[in-house]
Number of protein chains: 2
Amino acid sequence: MSLSYALLSILNILPMTGYDLKHQAFDQTVRYYWPADQSQIYRTLKRLTEKGMLTATVEDSDQGPDRKVYHVTEKGRQALADWQRTDQQPPTIRDPFLIQMSFGSELTNDELHSLIAHQLEVHRAQLAEYQAIPIPPREAFPQNRWLALQHLTLDLGRRIERAYVEWLQMCLDADLPAPEGQEPRLLDNPDN
Amino acid sequence: MSLSYALLSILNILPMTGYDLKHQAFDQTVRYYWPADQSQIYRTLKRLTEKGMLTATVEDSDQGPDRKVYHVTEKGRQALADWQRTDQQPPTIRDPFLIQMSFGSELTNDELHSLIAHQLEVHRAQLAEYQAIPIPPREAFPQNRWLALQHLTLDLGRRIERAYVEWLQMCLDADLPAPEGQEPRLLDNPDN
DNA sequence: TTTGACTATATGATATGTCCTATAGGAGAG
DNA sequence: CTCTCCTATAGGACATATCATATAGTCAAA
């Protein structure tokens with residue numbers, strides 16, 4: 001669902017090919033909030049075309065194979081406009097590291113430490129990546145609504161990653177009871 | 001993958017049925033970092049049994065139908081132990097609201113405001129839910145390693161939701177340039 | 001001139017996740 | 001005695017996402 005509207009959103013600004021969508025849009029910015037595989041993009045474009053949301057025009061390129069440029073139809077524009085005004089569900093969180101943390105009481109402190117340190121590295125790198133995204137400062141184009149929204153969107157990414165980094169640092173510093181403590185119990189085990 | 005190890009992790013602490021896994025473990029706590037559907041749990045239990053990671057013992061219940069209790073085998077325990085020590089990828093973020101924000105420059109301020117207000121409501125509710133999870137205070141069992149890890153895990157959830165709430169509040173207050181500003185452009189459009 | 005890199009589209013296979021429905025025992029309400 | 005709720009397991013259908021591979025044109029380097 002959402003991938004379709006991400007594609008419609010981009011193509012509504014600028015008609016382009018599946019290849020461009022992948023390399024210019026998704027790989028550069030969109031992946032931070034909605035990653036998508038090449039094959040998934042092509043298949044979704046096909047489906048949206050069949051549904052009458054998009055039309056494709058084949059243009060021959062001076063360098064490389066023909067380019068199939070997708071344009072949003074009036075029907076697609078209407079469907080997009082409706083979706084853009086519809087409240088969305090919050091994101092589903094699926095973090096395998098939290099399974100490890102939550103059930104990691106049998107690991108040694110060193111083992112836990114190592115897992116946490118790795119996550120810290122990864123999330124620091126992610127934060128650094130967000131900081132490095134080459135987006136013009138708002139002051140450069142103070143009247144650009146689109147740019148303002150890009151900055152806001154990017155700022156959430158940074159806040160989330162900062163939250164991870166701060167939490168992971170706290171976890172590293174936390175001194176846990178020794179592994180040979182009490183028997184682990186499920187939070188909701190009636191015996192608890 | 002991760003769902004399998006979540007199941008093994010839980011069953012390694014306490015053997016139980018698919019029903020219990022769903023209602024006692026996933027619905028209560030695990031869903032915050034790895035939600036799972038009932039049918040997915042049952043199918044994964046079946047697959048893990050076929051792989052020799054689990055064994056099932058059917059016990060007749062005094063009230064209700066028979067209970068199929070799953071136990072982790074030695075092979076399963078070993079596979080779990082390996083996974084528990086393996087570094088994990090950071091979570092994939094897929095937030096449809098950020099598609100709306102990122103490409104929402106054609107919406108009116110009122111329309112954007114309404115979308116943001118809804119997200120704020122939802123994330124505030126989520127934060128409140130985290131605050132309300134009935135987990136005994138660490139001080140009550142200061143030697144319980146498992147409990148300490150539960151608190152750490154829960155704390156990340158709270159931090160993330162707080163980051164969302166603070167960001168959304170900032171978005172509400174942000175004064176954006178009017179919709180009739182400059183033409184929207186893709187960040188990585190060469191013409192930019 | 002072959003090889004590799006980049007542009008460009010497409011499909012098969014598989015994994016994962018969601019929604020819905022079927023089946024069935026036991027308990028309590030009406 | 002039927003209806004509903006809770007416990008309990010299971011599978012069909014579908015949607016979504018990932019991984020791998022095939023095809024093909026253009027260009028530059030070896």
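Computed from a predicted structure; not experimentally measured. Excluded from the calculations below are hydrogen atoms, water molecules and symmetry mates; all remaining heavy atoms, backbone and side chain alike, are included.
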Starting at [atom1] of [X] and ending at [atom2] of [N], how long is that distance when rounded to a whole Å?
X	N	atom1	atom2	result
B:Gln38	D:dA10	CD	C1'	8 Å
A:Gln40	D:dT21	CD	P	20 Å
B:Gln89	C:dT16	CD	C1'	16 Å
A:Leu48	C:dT9	CG	P	15 Å
B:Phe26	C:dT16	CZ	P	14 Å
A:Glu59	C:dA8	CD	P	11 Å
A:Met1	D:dA15	CE	P	10 Å
A:Tyr70	C:dA8	OH	C1'	11 Å

Exercise: identify the closest heavy-atom pair between A:Arg77 and A:Val72:
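What the structure gives for the nearest pair is NH2-O, 3.0 Å.
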Quick one: closest heavy-atom pair of A:Leu120 and A:Val165, and the distance?
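Result for this residue pair: CD1-O, 3.7 Å.
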When only distance counts, do a donor and an acceptor, one from the side chain of B:Arg43 and one from the base of C:dG17, lie under 3.5 Å apart?
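Side chain to base: no pair present.
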Whether B:Trp167 side chain and A:Leu152 backbone form a donor-acceptor pair below 3.5 Å
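Yes: the side chain of B:Trp167 pairs with the backbone of A:Leu152.
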Between D:dT9 and B:Lys46, is there an OP1 or OP2 to side-chain N/O distance shorter than 4.0 Å?
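The answer is no; no side-chain N or O of B:Lys46 sits under 4.0 Å from OP1 or OP2.
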B/S/- contact track for nucleotides 1-8 of chain D, protein heavy atom under 4.0 Å:
------BB
From C:dT18, D:dC19, C:dG17, nucleotide with atom closest to B:Leu3 side chain:
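Selected nucleotide: C:dG17.
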Report the nucleotide, chosen from D:dA10, D:dT18, C:dC19, that has the shortest atom-to-atom distance to any side-chain atom of A:Asp37.
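Nearest listed nucleotide: D:dT18.
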Strictly by modelled atom types, are [X] and [Y] linked by a side-chain donor-acceptor pair under 3.5 Å?
X	Y	answer
B:Tyr32	B:Glu129	yes
A:Ser102	B:Tyr33	yes
A:Ser39	A:Asp37	yes

In this structure, are over 12 heavy atoms from other groups packed under 6.0 Å from B:Gln169 atom CD?
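Yes, CD of B:Gln169 has more than 12 neighbouring heavy atoms, counting only those of other groups under 6.0 Å.
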Atom CG of residue position B:Asp82 - does it have more than 12 heavy atoms of other residues, nucleotides or ligands inside 6.0 Å?
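For B:Asp82, atom CG is crowded (more than 12 foreign heavy atoms under 6.0 Å).
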Regarding B:Arg31 and B:Asp27, does a basic nitrogen lie under 4.0 Å from an acidic carboxylate oxygen?
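So B:Arg31 does not pair with B:Asp27 through a salt bridge.
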When you measure from every atom of DNA chain D, which of residues 91-99 of chain B have a heavy atom less than 4.0 Å away?
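Heavy-atom cutoff 4.0 Å gives B:Arg94.
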